[in-house]
Student: 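Take this structure first; my questions come after.
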Amino acid sequence: MFPTFATSSNDWRFAGAFSFPAMTTPDPNSLPSNYDFAATEAEWYSRWSEHGVFTASAARAAQREPFVIVLPPPNVTAVLHVGHGLNSTVQDLLIRWRRMAGDEALWVPGTDHAGIATQNVVEKQIAVEGHTRFDLGREPFVERVEQFVAQTGGEILHQLKSLGSSADWTRTAYTFSPELSVAVREAFVRLWERGLVYKGHRVIHWCPRCGTSLSDEEAEFTETAGKLYHVRYLLADDAAQSITVATTRPETMLGDVAVAVHPDDARYAPFVGREVLLPITGVRIPVIADSYTDPTFGSGAVKITPAHDANDFDVGKRHALSMPVIIDADGIVREVELAAGRVPPSLAGLDRFVARDRIVELLTAEGALVKVEPHQHNVRHCYRCDTVVEPRLSDQWFVHMQPLAEKALAVLRSGQLRILPERWEAVYVNWLEGIRDWNISRQIWWGHRIPVWYCDACSSTAGTSTPIVSRDPVLFCPTCGGTVRQDDDVLDTWFSSWLWPFSTLGWPDRNSADLKAFYPGDVLVTAPEILFFWVSRMVMAGCWFLDETPFHTVYLHGTVRDMQHRKMSKSLGNGIDPVDVVRLYGADALRWTMVAGLGLGVDVMLDPDDLEKSFAPGRNFCTKLWNIGRFLLSRVGTEPVDPIGVLAPESLTAADAWILDRLDQAIADCDAALGPPRPSAHGAWTEAEKGRGLRLSEYAEAARRFVWNELADWYLESVKPRLATEGADREVARAVLAHAFDGALRLLHPIVPFITEALWQQLPQTPHPALLATAAWPKQRITRVLIGDAFEHTRETVQAIRKVRAEYNVQPGGWVDAILVASGPLATVLTAQLETIGVIARGRVVIAPIAPTGLASRIVLSNGVELVVPLAGMIDVAKERQRLDGEIAQLDKQLSALDGRLANEKFTAKAPPELVVAERAKAEEWRSRLEQLRAKLTALGE
RNA sequence: GGGUCGUUAGCUCAGUUGGUUAGAGCGCCACGUUGACAUCGUGGAGGUCACAAGUUCGAGUCUUGUACGACCCA
């Protein structure tokens, strides 16, 4: 059922062919002049699906190299945007490439339950009904979210199909499925058993709107124009003296427990150990010395609010200070904990930002506000709802990350893992080396409930509060048999997605066939934004739980931006809906546009206001390819062609040899741009191969150049007359034409799968193979038929004639006379080319041993041959002289530079000898050409 | 404040260990509908490789500094 791949055949065209019940072979002569991408894309996607092209097999993976990519799971409620389009195009390209190259290619798709994001969506829905989640209660709310997900979730996966994504949909996974939930609990329990999960009481990032804690990564910095308030705190024992502190958040002064100064700061030395009075409330707090204080910032004295600032929390711990909480979970100022007498009635119940304004007023009234300065600083915002994050003291679950980070660093250093572009490796290392513990508990309801239970009876009687941590639900206390209650918190969404590369393959079941066959995977394709959120955590999880990095390559692609270089986003309204693009221009046009513009790590610029212009490269390419195919196939016809391997070398023309050589070169260029697909030895990248491959735009350019600039522009033009005459040479031309186009379509298929499949089906193949999607990736010929560079002479001659024609505005239909002045072997080579040159350049071309005299346009070709185009009565002497003058001037300049270099003894002595020899030869060549040109100029003047 | 990187044609970018006359796509200019293709063809213009100094026979490429910019982290 699946193709075998020839290893030694010179003829890879049929190597991957496997027979299907005959498909209809429409007459290529009747291909419509306009490509119907909508119908074609729908038809071929369903045929690929029907034939199981996308479905990988663990059994087959034993016989060949597996190649595995896991899709970064989009949020289950997400709608496709152009970033997803870019991301999945890259993955599909790689998967299709490796599938053709003979790997057992597996692309695992799926979605993420996206705890906070999804909960927010449903909360907004019920808000319309005038309710909060608390009105509904936990279980009904979760049911409501489940319903919502069941009804609308996963739509994005269907949208991905319209882009041609060849993911294995039979393996579609979901981070909140029963199977993956098992993996989540397993991971939590294992980390607990190793002492790496713990419950901590500390200041975390709190989103008052979402009502939950956030990890460091989820609280994003935004540059904000704020104010720096300088507030005077009077000494308790001497109201004549004071300390001024600087703060950006005056409302937190209600929770101040100290003023800290640097121990070496002489200005404040006399105050240390004494007390100051908090303005407004009059609470007495000590002045302490702590080296955390930066004496150069603000006044050099800083207020300490341990419950509402992570750094202050550390200071508070060091000095055993109390930690009053004065802002509650909703962001309201009040006496929450240990704060009796700290919040005046006039401020209690106010929102934190309203309270800030009121406090500033009160401070001003009291005369405690010294000054206010404008101040640029970074403020953390919730990555889900953009609310300003409130640092808040609370109980949370953490993972102690350092042991995991060490493993993730080790695999990078050993070369088992690489990141492209390589500069991101430094960022990765930097982050892992300074890793902080991961807050994994969230105070929301939508997510994996933390697998921890408490027995109230035991903790009150025995005085132990040891939680019961379990893989399976706990119904009764194992100690006393009493009732238990489960921890209310759920796990961070990323705690399930960090297991994605193996939880989707059946882990923790070590005997899972998929896990054995497909772990570890190969490439992870994503944007740099989630390097820490997801990528590095997956590496840590893979290394920790399975002792192997989950992939050997991380490919970080650029971001899609608009013409002002702004990231495309819903809020800016500058997004592009890929579904629109597919509807207007087709998936292939979208894919080509993105891939062609995708330099390594480079952002893709698209104009949301001008889709036509933005996607013109892809649309134009597809149109051109369709026209090439339509014309070429109509000329080749439906009769079977000879396999290229059976053609006698001597039956090939210079053009045949040239295009076959160009195809070999294109294959080599594409392979070099894409590969190597995996480390060649011992699972680790060598220094030499580490930075190579995944140059997608180079791959696209190499394939484009071949099919457009070489096959269509030159070979197809040159072969027209041969096809018009019945006979052996026509059969050679047909065979070469079919072979070259077949190779081009194979090279292009990973980028533009639909149009290439549709065209490929029209090739006259025997036996008729089934699908390009599973055909073999092209290989260079082992034996090259070399006929020198005869066809290059043709190309240069044609271009020279065209230049003369353009110069003198010869009508396209008009024919010109041209004489090639040549003798010896070169004359022989050119003689064989005269007809071809004539047809392409529309010239009556002859060879002559001596240049004819008289007025003519004369061009010296690089092979020394003089091209003479008489153009009777049309030659403009001034124009000819100007052209020759220009050429002579430039060549003269270059030659003097070269001569200067050769005259430099240091150069001839120190440069590599072969270079010196080459440069001397070049100088001679230029000198003789210069003489030729000067002779022409002289002749012109006579 | 720390880290990483960038600055090459009007725009977006290649340029792999220093060594041909620095390339591509798009855009621009001229001509053109010759029976595949105007979503196209042919020809052409356009760059002191940010700036300064250094190493070298030789620098877009290596070193240092300056300017501007981007991204990540605190």
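Lettering follows sequence order; numbering is per chain, from 1. Scope of the values below: all heavy atoms of this structure, side chains included, with no hydrogens, waters or symmetry mates.
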Student: If you compare every side-chain N and O of A/R704 against the phosphate oxygens of B/G25 (OP1, OP2), does one of them come in below 4.0 Å?
Tutor: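 So the side chain of A/R704 is within the cut-off, an N or O lying under 4.0 Å from OP1 or OP2 of B/G25.
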Student: Whole angstroms only, please: what is the NZ-P distance between A/K613 and B/C11?
Tutor: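 So the NZ-P distance, A/K613 to B/C11, works out to 13 Å.
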Student: Describe the nucleic acid contact of A/E433 in one word from base, sugar-phosphate, nothing, applying a heavy-atom distance below 4.0 Å.
Tutor: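 Since no nucleic acid heavy atom lies under 4.0 Å of A/E433, the category is nothing.
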Student: Separation of A/I419 atom CD1 from B/U4 atom C1', in whole Å?
Tutor: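 Between C1' of B/U4 and CD1 of A/I419: 13 Å.
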Student: Where is the tightest heavy-atom contact between A/L633 and A/Q762, given as atom of each residue plus distance?
Tutor: CD1-CB, 3.5 Å
Student: What's the gap between B/G18 and B/C62 when it is taken at their P atoms, as a whole Å value?
Tutor: 9 Å
Student: Can you tell me, in whole Å, how much space there is between the P of B/G6 and that of B/U20?
Tutor: 22 Å
Student: Measuring only the C1' atom in each nucleotide, how far is B/G46 from B/A9? A whole number of Å is fine.
Tutor: 6 Å
Student: Please work out if A/R423 contacts a base, only the sugar-phosphate, or nothing of the nucleic acid, heavy-atom cut-off 4.0 Å.
Tutor: sugar-phosphate
Student: In whole angstrom, give the distance that lies between atom CD of A/Q799 and atom P of B/G41.
Tutor: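 Atom CD in A/Q799 sits about 14 Å away from atom P in B/G41.
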Student: Here's a test of your reading of the structure: between A/P617 and A/W424, which maps to the more 5' nucleotide of RNA chain B?
Tutor: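 Here A/P617 is the residue nearer the 5' end.
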Student: A/R730 side chain to A/T725 main-chain N or O, any donor-acceptor pair under 3.5 Å?
Tutor: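 No, because the side chain of A/R730 does not come within donor-acceptor range (under 3.5 Å) of the backbone of A/T725.
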Student: Look at the side-chain N and O atoms of A/K624 and state whether any lies under 4.0 Å from the OP1 or OP2 oxygen of B/G41.
Tutor: yes
Student: Can you tell me the pairing partner of B/G18 across any strand shown, Watson-Crick or G-U wobble, with both distances under 3.5 angstrom?
Tutor: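 Matched B/G18 with nothing under the 3.5 Å cut-off.
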Student: Counting distance only, does the side-chain N/O of A/E796 pair as donor-acceptor with the main-chain N or O of A/S862 below 3.5 Å?
Tutor: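 Side chain of A/E796 to backbone of A/S862, a donor-acceptor pair under 3.5 Å: yes, one is there.
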Student: Can you confirm if the NZ or CZ of A/K803 lies within 45° of the ring axis of A/Y808 and under 6.0 Å from the centre of its six-membered ring?
Tutor: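 No; the conditions do not both hold, so A/K803 does not lie above the ring face of A/Y808.
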Student: Any strand is fair game: report the nucleotide pairing with B/C31 by Watson-Crick or G-U wobble, both distances under 3.5 Å, or none.
Tutor: B/G41
Student: What integer distance in Å separates A/Q762:CD from B/A36:C1'?
Tutor: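 Checked: the CD to C1' distance equals 15 Å.
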Student: With heavy atoms under 4.0 Å as the rule, sort A/L632 into base, sugar-phosphate or nothing.
Tutor: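 The answer is nothing, as A/L632 stays clear of every strand by at least 4.0 Å.
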Student: Measure from the side chain of A/Q811, starting at C-beta and using heavy atoms only, and say which of B/G32, B/G3, B/G43 lies closest.
Tutor: B/G32
Student: Answer with yes or no whether A/R842 presents, from its side chain, a donor or acceptor under 3.5 Å of a partner atom in the base of B/U34.
Tutor: yes
Student: The side chain of A/E698 lies closest to which of these nucleotides: B/C72, B/G3, B/A14?
Tutor: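 Of the options given, the side chain of A/E698 lies nearest B/A14.
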Student: What nucleotide, of B/G19, B/G41, B/U21, holds the atom closest to the side chain of A/K922?
Tutor: B/U21
Student: What is the separation between atom CG on A/L674 and atom P on B/U16, rounded to the nearest whole Å?
Tutor: 19 Å
Student: What is the base-pairing partner of B/G54, counting Watson-Crick and G-U wobble geometry with both distances under 3.5 Å?
Tutor: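 The answer is B/C62, by the H-bond criterion.
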Student: For B/A24, which nucleotide is its Watson-Crick or G-U wobble mate, given both distances must be under 3.5 Å?
Tutor: B/U12
Student: For the side chain of A/L915, counting heavy atoms from C-beta on, which of B/G19, B/G32, B/C37 is nearest?
Tutor: B/G19
Student: Taking B/G10 as the reference, what is the distance to B/C28 when you measure between their P atoms (whole Å, please)?
Tutor: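 Per the computed distance, 15 Å lies between those P atoms.
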Student: On RNA chain B, check which nucleotide each of A/R901 and A/G814 is closest to and give me the residue with the more 5' one.
Tutor: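 Nearest-nucleotide comparison on RNA chain B picks A/R901.
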Student: Quantified in whole Å, what is the C1' atom distance between nucleotide B/U7 and nucleotide B/U61?
Tutor: 15 Å
Student: Would you tell me if any nitrogen or oxygen in the side chain of A/W708 comes within less than 4.0 Å of OP1 or OP2 on B/U39?
Tutor: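 Looking at the OP1 and OP2 atoms of B/U39, neither is under 4.0 Å from any side-chain N or O of A/W708.
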Student: Check every atom of B/C13, B/U39, B/G43 against the side chain of A/A806 and return the nucleotide holding the closest atom.
Tutor: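 Looking only at heavy atoms from C-beta outward on A/A806, the closest nucleotide is B/G43.
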Student: Would you measure the distance from the P atom in B/G54 across to the matching atom in B/C71 and give it in whole Å?
Tutor: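 B/G54 and B/C71 have their P atoms separated by 35 Å.
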Student: Which nucleotide sits closest to the side chain of A/R802: B/C40, B/G43, B/C37?
Tutor: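 Comparing B/C40, B/G43, B/C37 against the side chain of A/R802, the answer is B/G43.
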Student: With a non-hydrogen cut-off below 4.0 angstrom, is A/P528 in contact with a base, only sugar-phosphate, or nothing?
Tutor: nothing
Student: Should B/G46 form a Watson-Crick or G-U wobble pair with both distances under 3.5 Å, which nucleotide is its partner?
Tutor: none
Student: Rounded to the Å, how far apart are A/K879 NZ and B/A30 P?
Tutor: 15 Å
Student: Contact class for A/E701 vs. all strands (heavy atom < 4.0 Å): base, sugar-phosphate, or nothing?
Tutor: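 A/E701: backbone/sugar contact only, no base atoms under 4.0 Å.
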Student: Say you pick atom P in B/G15 and the same atom in B/A74; how far apart are they, in whole Å?
Tutor: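 Rounded to whole Å, the distance is 31 Å.
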Student: Sub-3.5 Å donor-acceptor pair from the side chain of A/W626 to the main-chain atoms of A/P32, do we have one?
Tutor: yes
Student: Starting the side chain at C-beta, find the nucleotide from B/C40, B/A24, B/U21 nearest to A/N620.
Tutor: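 Of all the options, the side chain of A/N620 is nearest to B/C40.
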Student: Looking only at side-chain atoms of A/F532, point me to the closest of B/C73, B/C31, B/G43.
Tutor: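 The answer is B/C73.
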Student: Where the side chain of A/M605 is defined as all heavy atoms beyond and including C-beta, which of B/U12, B/A74, B/U42 is the nearest nucleotide?
Tutor: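 That would be B/U12.
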Student: With rounding to the nearest 0.5 angstrom, report the CH2 to OG distance, A/W926 to A/S896.
Tutor: 10.0 Å
Student: Is it the case that the side chain of A/Y428 and the backbone of A/L412 share a donor-acceptor pair, with hydrogens and angles ignored and the cut-off at 3.5 Å?
Tutor: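 Not confirmed, A/Y428 side chain does not pair with A/L412 backbone.
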Student: Please report, rounded to the nearest Å, how far the P atom of B/A70 is from the CZ atom of A/R561.
Tutor: 10 Å
Student: Of the options A/R920, A/K922, A/R927, which is the one that meets A/E924 in a salt bridge (Lys or Arg N to Asp or Glu O under 4.0 Å)?
Tutor: A/R927
Student: Quick one: which of B/C5, B/G19, B/A36 gets closest to the side chain of A/A911?
Tutor: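 Between B/C5, B/G19, B/A36, the one nearest the side chain of A/A911 would be B/G19.
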Student: Write down the partner of B/C5 under the Watson-Crick or G-U wobble criteria, each distance required to be under 3.5 Å.
Tutor: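 Partner of B/C5: B/G69.
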Student: For residues A/S680 and A/E689, is any side-chain donor paired with an opposing acceptor at under 3.5 Å?
Tutor: yes
Student: If you measure from the P atom in B/U64 to the same atom in B/C26, how many Å do you get, rounded?
Tutor: 39 Å
Student: Tell whether A/E807 reaches the base of B/A30 with its side chain through a donor-acceptor pair below 3.5 angstrom.
Tutor: no
Student: Determine: side-chain N/O of A/R692 to OP1/OP2 of B/U16, distance under 4.0 Å, yes or no.
Tutor: no
Student: Quickly work out the A/R795 CZ to B/U42 P distance and round it to whole Å.
Tutor: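 For the pair A/R795 CZ and B/U42 P, the rounded distance is 11 Å.
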